[in-house]
Amino acid sequence: MPMYTAPTKDMAFILHDVLKVSEQAIPGYEELDPDFTSAVLEEAGKVASELVAPLNQVGDREGCQFENGLVYTPPGFKDAFEQVKSGGWPGLDCDPDYGGQGMPPLLGTAVGEMFSAANQAFTMYQGLTHGAYSAIHAHGTDAQKAKYLPKMVSCDWTGTMNLTEPHCGTDLGLMRTKAEPQDDGSYKISGQKIFISAGDHDMSENVIHLVLAKIPGGPDGIKGVSLFIVPKVLVNDDGSLGTRNGVSVGNIEEKMGIHGNATCVMNYDAATGWLLGEEHKGMRAMFTMMNEARLGVAMQGMAQAEAAYQNAVTYAKDRLQGRDVTGAKNPDGPADPLIVHPDIRRNLMDQKSFVEGARAFLYWGAMLIDQAHRSEDADADGLISLLTPVLKGFLTDKGFEMAVQAQQIYGGHGYIEEWGMSQFVRDARITQIYEGANGVQALDLVGRKLATDGGKHVMAFFGLVKDFCKENAEVQGMEPFVTPLKAASKDLQAAGMFFMAEAPKNPNAALAGSYDFMHMTGHVCLALMWARMAKASLSALAEGTDDPAFHETKLTTAQYYMSRSLPAVAMHLARIQSGADPVMGLDADQF
């Protein structure tokens with residue numbers, strides 16, 4: 001059975017040696033000293049590895065059951081959910097006014113990584129609840145927040161987001177779900193939503209659905225969409241549960257992966273709902289949840305790669321196969337372990353350099369969110385807005401790829417369900433699709449984010465990379481990291497200049513290169529993270545660390561990324577500069 005061990009040492013390195021969290025002038029970060037974060041991460045890691053991870057294959061094998069209109073989670077899920085709740089983990093970074101612990105979302109991201117790596121399907125129940133909590137917290141009235149948030153923070157009630165309908169996914173302006181105003185200020189919601197993760201289950205006494213719908217008479221298209229709070233069970237004024245609402249499950253989907261999470265078809269039959277935020281401003285409120293979810297999905301992609309990598313390393317060290325071409329490394333055995341072979345090393349180094357670089361990128365993104373919200377820093381908000389589609393798109397694309405590479409280490413055994421590697425691949429696959437398919441993320445990056453505020457934020461990113469390279473150009477040992485980072489950043493800027501020159505004449509020239517640009521940006525971000533980690537490790541070695549092997553490993557891995565992964569930036573630039581013609585050359589009837 002696959003196992004998972006929380007990489008708390010690497011997490012601590014990123015938090016304290018690279019990001020230097022306790023030195024940041026962000027409210028709440030002064031509490032993030034190494035002793036405190038270590039205590040939180042170690043305890044969360046224990047829960048993840050000992051309680052949550054053993055249920056991963058159970059959830060995959062058993063799935064959720066739908067019987068007589070009721071949804072049942074896999075064996076063991078309900079008891080584990082109660083233990084996670086009792087530990088206060090769902091409310092770790094929630095508002096203390098509603099029962100949360102008030103810790104920075106950065107710490108919540110680190111804890112969420114461990115839970116997602118241990119069991120993605122299980123962790124989605126509390127993850128979606130957190131997103132719904134955030135939307136209500138940001139856009140709800142005081143009465144709505146008082147009514148719903150305490151139970152959602154504790155996960156006594158869970159939450160969902162309801163966007164997609166059978167006839168429309170990304171183009172939400174086509175939705176048909178209606179919200180009829182009532183005399184008492186409520187609305188009657190009627191329609192059907194599909195692909196609703198954690199739509200119903202037996203682990204909480206209520207589910208608070210956030211539902212996009214159109215109020216009759218409103219503007220056409222996306223401008224006429226509003227967001228509503230629609231509880232599964234109506235809540236009385238005193239907070240007690242009342243009668244069942246007009247919400248039901250039509251079916252649960254049979255999926256490629258995340259079998260332990262109930263992905264539901266939800267039917268709304270004149271269900272009672274309440275407006276969240278303003279009329280016809282539903283997407284603004286929903287994007288509070290969706291942007292958080294996109295960071296969460298980026299985390300899932302990286303987390304599945306981490307879990308798969310851990311198991312692949314163990315297998316490569318244990319499995320005897322062939323002999324080292326330079327001489328036997330296990331002369332007393334019938335063969336050498338797989339890990340002696342260069343192609344296995346290449347595979348594992350791809351995984352290791354991605355996972356550790358992605359973790360640093362993800363944590364940096366979470367810190368930017370804290371800086372934007374807790375310090376009301378508009379520049380940080382603009383930068384994380386720019387990088388959100390990169391985090392989501394790049395980390396999930398590469399996370400899936402790395403899960404496949406981990407499966408490859410096992411050879412034929414990787415294709416056999418007994419070994420569990422296919423689950424990592426199948427669970428990682430959805431991360432490229434939901435919360436905005438990755439092609440949409442690329443279009444958002446190039447079509448919207450680059451031009452935001454007159455290009456201010458992408459220029460700030462280029463300036464950040466340039467300043468880092470300039471400041472570290474003469475630092476001893478940094479040249480192998482600064483030089484390739486600088487070159488890759490220049491290629492990225494060249495791609496941006498190509499878009500500026502060609503897009504006014506032919507918009508498809510930019511759109512055809514958008515996916516490549518998203519990956520280019522992802523590689524530059526990971527290279528920046530590896531350069532920062534290399535600097536931290538060089539400093540630790542120079543100052544005299546008690547664990548030189550850890551930092552020497554970091555430097556070697558950083559060099560691998562710069563030498564073997566970062567050159568992909570030049571390939572993506574060549575693709576972009578080929579323009580739209582190779583992509584758009586065929587007529588539709590020629591496919």
Quick test of your reading: applying salt bridge (Lys or Arg N to Asp or Glu O under 4.0 Å), list the pairs with at least one residue in residues 423-432, sequence neighbours left out, ordered by first then second residue. D60-R426, E417-R426
Which residue pairs satisfy the salt bridge (Lys or Arg N to Asp or Glu O under 4.0 Å) criterion with at least one member in residues 81-92, sequence neighbours excluded? E82-K85, K85-D156
Atom CD of Q144: over 12 foreign heavy atoms under 6.0 Å: yes
Interatomic spacing from CD in Q192 to CD in E165 - rounded to 0.5 Å: 8.5 Å
Residue pair T8 / E42, side-chain donor-acceptor N/O under 3.5 Å: yes
Taking atom CD1 of I252 and atom SG of C64, what is their separation to the nearest 0.5 Å? 5.5 Å
With sequence neighbours excluded, what pairs up with E292 under the salt bridge (charged side-chain N to carboxylate O under 4.0 Å, His left out) test? none
Is it the case that over 12 heavy atoms from other parts of the model lie below 6.0 angstrom from the CZ atom of R244? yes
Determine whether more than 12 heavy atoms belonging to other residues, nucleotides or ligands lie under 6.0 Å from atom OH of Y98. yes
So does K78 pair up with D202, basic N to acidic O under 4.0 Å? no
Closer than 3.5 angstrom, by distance alone: can the side chain of S154 be matched with the main-chain N or O of K151 as a donor-acceptor pair? yes
Please collect all side chain to side chain donor-acceptor pair (under 3.5 Å) contacts where either partner lies in residues 87-97, sequence neighbours excluded, each pair once. D93-H130, D95-H137
Heavy atoms, side chains only, cut-off 4.5 Å: are H280 and K214 in contact? no
Applied to residues 386-409, the salt bridge (Lys or Arg N to Asp or Glu O under 4.0 Å) test, sequence neighbours excluded, yields K398-E401
Any side-chain donor-acceptor pair under 3.5 Å between Q310 and E306? yes
Closer than 3.5 angstrom, by distance alone: can the side chain of T177 be matched with the main-chain N or O of G191 as a donor-acceptor pair? no
H523-S565 side chain donor-acceptor pair, cut-off 3.5 Å: no
Is the W419 ring parallel, tilted or perpendicular to the H413 ring (thresholds 30°, 60°)? tilted
Side-chain H-bond candidate by donor/acceptor type, H209 with T160, under 3.5 Å: yes
Cation over ring face, K147 and W274, 6.0 Å, 45°: yes
By ring pair (Phe, Tyr, Trp, His ring centres under 6.0 Å), F354 pairs with (sequence neighbours left out) none
Residues two or more places apart in sequence or in another chain: which of them pass side chain to side chain contact (heavy atoms under 4.5 Å, CB included) with I369? L295, H373, I384
With sequence neighbours left out, what residues match E50 under salt bridge (charged side-chain N to carboxylate O under 4.0 Å, His left out)? none
For A80, side chain to side chain contact (heavy atoms under 4.5 Å, CB included) partners two or more places apart: L51, L55, F122
List in chain and number order the residues that pass salt bridge (charged side-chain N to carboxylate O under 4.0 Å, His left out) with R448, two or more places apart in sequence or in another chain; answer none if no residue qualifies. D444
For P96, side chain to side chain contact (heavy atoms under 4.5 Å, CB included) partners two or more places apart: none
Mind checking salt bridge (charged side-chain N to carboxylate O under 4.0 Å, His left out) for E253 and listing every partner two or more places apart, or none if nothing turns up? none
